[in-house]
Amino acid sequence: MTDLQPWAVALIAAVASIAGAYLAWRVVLLLAPGLYRSMIKNNSVSVDDFVGGPPDAKGAFKSWLLNYFNVGKRAASKEGYPLKTKDSDKVPGLKVTSRNESGASLSAAAKPPVVVGTIRMGFGHHRIAYAATSWGLADDSGNDRETWFHDFLNIDSEEAQMIKDMDKAYSKGSRLASEMGGQVEKIWGSFTKAGDETSLRLTYQFSEQIIPLINGLDKNSPIIATHSMVACAAVAAGFKNVINLVIDNHAQWFVVVPNALNLVQGPSNYHSFLKMGVPEENLALAGHWIPRDLVEGIPDACARRVARRRAGKPLRIVVPVGGAGAQRKFIVGFVGALSGLVKEGKVQLFLNAADHAHMKDAFVGALESNGMEYDNVTDMAGVIAFKENMMMDEPSKNVTLFSYDDYFTAVATTDILCNVADVLACKPSELAFYPIPKLMIRRVGDHEAYSALRASELGDGTLELREVPVAVKYVKLMLSTNLLEVMCKSIENNNMIGLYDGCKNAMRLALERADRIE
């Protein structure tokens with residue numbers, strides 16, 4: 001046998017490696033359907049029926065592998081945790097659930113409560129949940145049931161910890177992408193809008209693991225879910241009246257849920273989901289997810305904004321930080337760029353650092369380095385007093401910083417300030433749908449771009465403003481033109497056709513369906 005040259009040996013080794021890898025991949029594809037069937041064999045609901053059929057071999061392997069990374073070989077339990085309720089110390093009339101360590105079951109109510117289920121992942125899902133409860137608590141709501149706030153993370157358990165770990169990873173990714181920009185931001189952005197059928201399979205499969213977090217509730221309770229994992233867990237547990245409030249304005253499979261009524265905020269999402277194959281009976285157009293006090297206060301709030309502009313009073317801008325605590329670089333630059341207008345008395349800033357210590361430090365650094373004086377509000381009593389004072393008066397300083405240790409107050413502050421602010425400057429998250437003139441500043445995920453587009457087309461917000469100088473230019477336009485008045489007029493027109501009544505409609509539908517079932 002002739003001795004082979006080194007390059008020939010290397011070539012043979014490379015070909016053999018490629019051939020071996022190819023054969024191994026073919027074996028994996030042969031095994032994948034069986035692995036997938038084994039994974040879903042105990043599921044209560046068929047995702048495949050909902051999305052139009054089972055995955056191909058590659059999709060089956062991807063679903064199995066990613067689910068394995070999520071939960072490993074953990075065996076899902078379906079037994080619900082005993083629950084208890086207590087009166088909310090934040091929202092009058094609202095009941096808040098938690099785990100009952102004594103093991104006693106909930107006593108039966110005259111009528112099963114309407115349950116608003118959520119997960120404290122970022123601020124958006126919680127904000128929407130509180131908005132939904134607001135329409136079930138008023139005396140004239142037509143609701144003769146108790147309204148319960150059921151946060152999965154409030155049920156101390158292994159399953160809740162699994163969700164916390166997942167959220168921690170997502171929040172870290174959001175912050176890194178926002179800070180680093182460039183290719184990192186591009187990759188993260190593409191990840192946030194790649195919600196194909198596999199994403200729903202993974203969401204549902206994970207939800208099978210967290211059924212115990214909802215299975216302690218009365219199965220006859222109507223469930224209004226503000227996170228798709230809550231809705232998935234509810235249908236998997238056997239609840240028959242599940243309404244899923246779909247987030248964003250970008251249709252992705254993982255935000256809709258089989259065997260639930262999926263309510264969307266806008267017509268483009270409705271069209272897109274129908275085109276994707278979501279059954280018509282599982283889909284409805286509802287309107288935006290807005291709390292009752294903001295909807296009912298639209299006429300007065302818009303009148304105040306217009307009157308302030310015509311009187312030449314300072315433009316009040318509320319700048320909130322999202323639940324993941326991203327956007328630090330952009331927001332700090334924006335605050336610094338507005339320092340001249342603030343010192344001239346043309347702009348007032350309401351900065352909500354929420355419960356993020358690093359954002360409070362960043363705001364303080366920006367304010368002090370630009371020579372801007374500020375007041376600091378640190379509790380719920382303070383923000384309510386501030387709001388009441390702003391209805392009739394001006395703040396003692398042109399910048400007010402809001403920072404807390406309390407999660408609820410961090411979320412609620414933005415909603416409260418929207419009553420007295422002229423403009424909301426925020427990323428195109430759930431706040432993109434709010435009835436207040438908006439500066440849609442730099443997004444964190446690509447899926448958010450479509451929410452900015454909706455705000456702009458409706459006339460109550462701008463397109464996404466990805467650079468600080470562009471955002472500042474729009475502030476100056478609001479000071480020098482009738483742009484703010486035009487946005488206020490659009491908000492009033494939108495309100496007249498019920499565009500902001502999404503949560504009102506969700507509560508109505510949940511109660512109507514409950515009465516029919518009973």
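Because only heavy atoms are used, hydrogens play no part in the values below, and waters and symmetry mates are left out as well, while side chains stay in.
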Do [X] and [Y] have a side chain donor and acceptor closer than 3.5 Å?
| X | Y | value |
| --- | --- | --- |
| Asp460 | Tyr500 | yes |
| Tyr204 | Ser228 | no |
| Arg454 | His250 | no |
| Gln161 | Asp165 | yes |
| Asp379 | Thr409 | no |
| Asp415 | Tyr434 | yes |
| Gln205 | Asn43 | yes |
| Asn143 | Thr147 | yes |
| Asn352 | Thr414 | yes |

Criterion side-chain contact (heavy atoms from CB on, under 4.5 Å) against Thr85, the qualifying member of Asn100, Leu94, Thr97: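 Considering Asn100, Leu94, Thr97, a side-chain contact (heavy atoms from CB on, under 4.5 Å) with Thr85 is found only for Thr97.
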Result of checking Val411, Leu431, Ile128 against Phe123 for side-chain contact (heavy atoms from CB on, under 4.5 Å):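 Single side-chain contact (heavy atoms from CB on, under 4.5 Å) partner of Phe123 among Val411, Leu431, Ile128: Val411.
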With a cut-off of under 6.0 Å to the ring centre and 45° to the axis, is Arg120 in cation-pi contact with Tyr407?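 The answer is yes, since Arg120 meets both limits relative to Tyr407.
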Can you confirm if the NZ or CZ of Lys219 lies within 45° of the ring axis of Phe239 and under 6.0 Å from the centre of its six-membered ring?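 Judged by the rule (NZ or CZ under 6.0 Å from the ring centre, within 45° of its axis), Lys219 counts as positioned above Phe239.
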Carefully, step by step, assess Asn262 and Asn244 under the rule side-chain hydrogen bond (donor to acceptor under 3.5 Å, both in side chains). CA-CA 5 Å; Asn262 297 280; Asn244 176 44; 2.8 Å; yes
Could you check if a side-chain atom of Gln209 sits within less than 4.5 angstrom of a side-chain atom of Met162, using non-hydrogen atoms only?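 A side-chain contact exists here, since the closest heavy-atom pair is under 4.5 Å.
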Would you indicate whether the side-chain heavy atoms of Phe402 and Phe350 approach each other to under 4.5 Å?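 A side-chain contact under 4.5 Å exists here.
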Side-chain ion pair, Arg145 and Asp515, N-O less than 4.0 Å: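 A salt bridge links Arg145 with Asp515.
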CG (Asp144) with more than 12 external heavy atoms under 6.0 Å: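 Result for CG/Asp144: enclosed.
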Grab the two heavy atoms, one from Ala425 and one from Pro320, that are nearest each other, plus how far apart they are.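 So the two residues come closest at O-CD, 3.2 Å.
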Given 3.5 Å as the limit, does a donor-acceptor pair link the side chain of Asn249 with the main chain of Ser451, or not?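 A pair under 3.5 Å: no.
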Working for side-chain hydrogen bond (donor to acceptor under 3.5 Å, both in side chains), residues Arg513 and Asn241: CA-CA 7 Å; Arg513 285 157 57 98; Asn241 184 5; 2.8 Å; yes
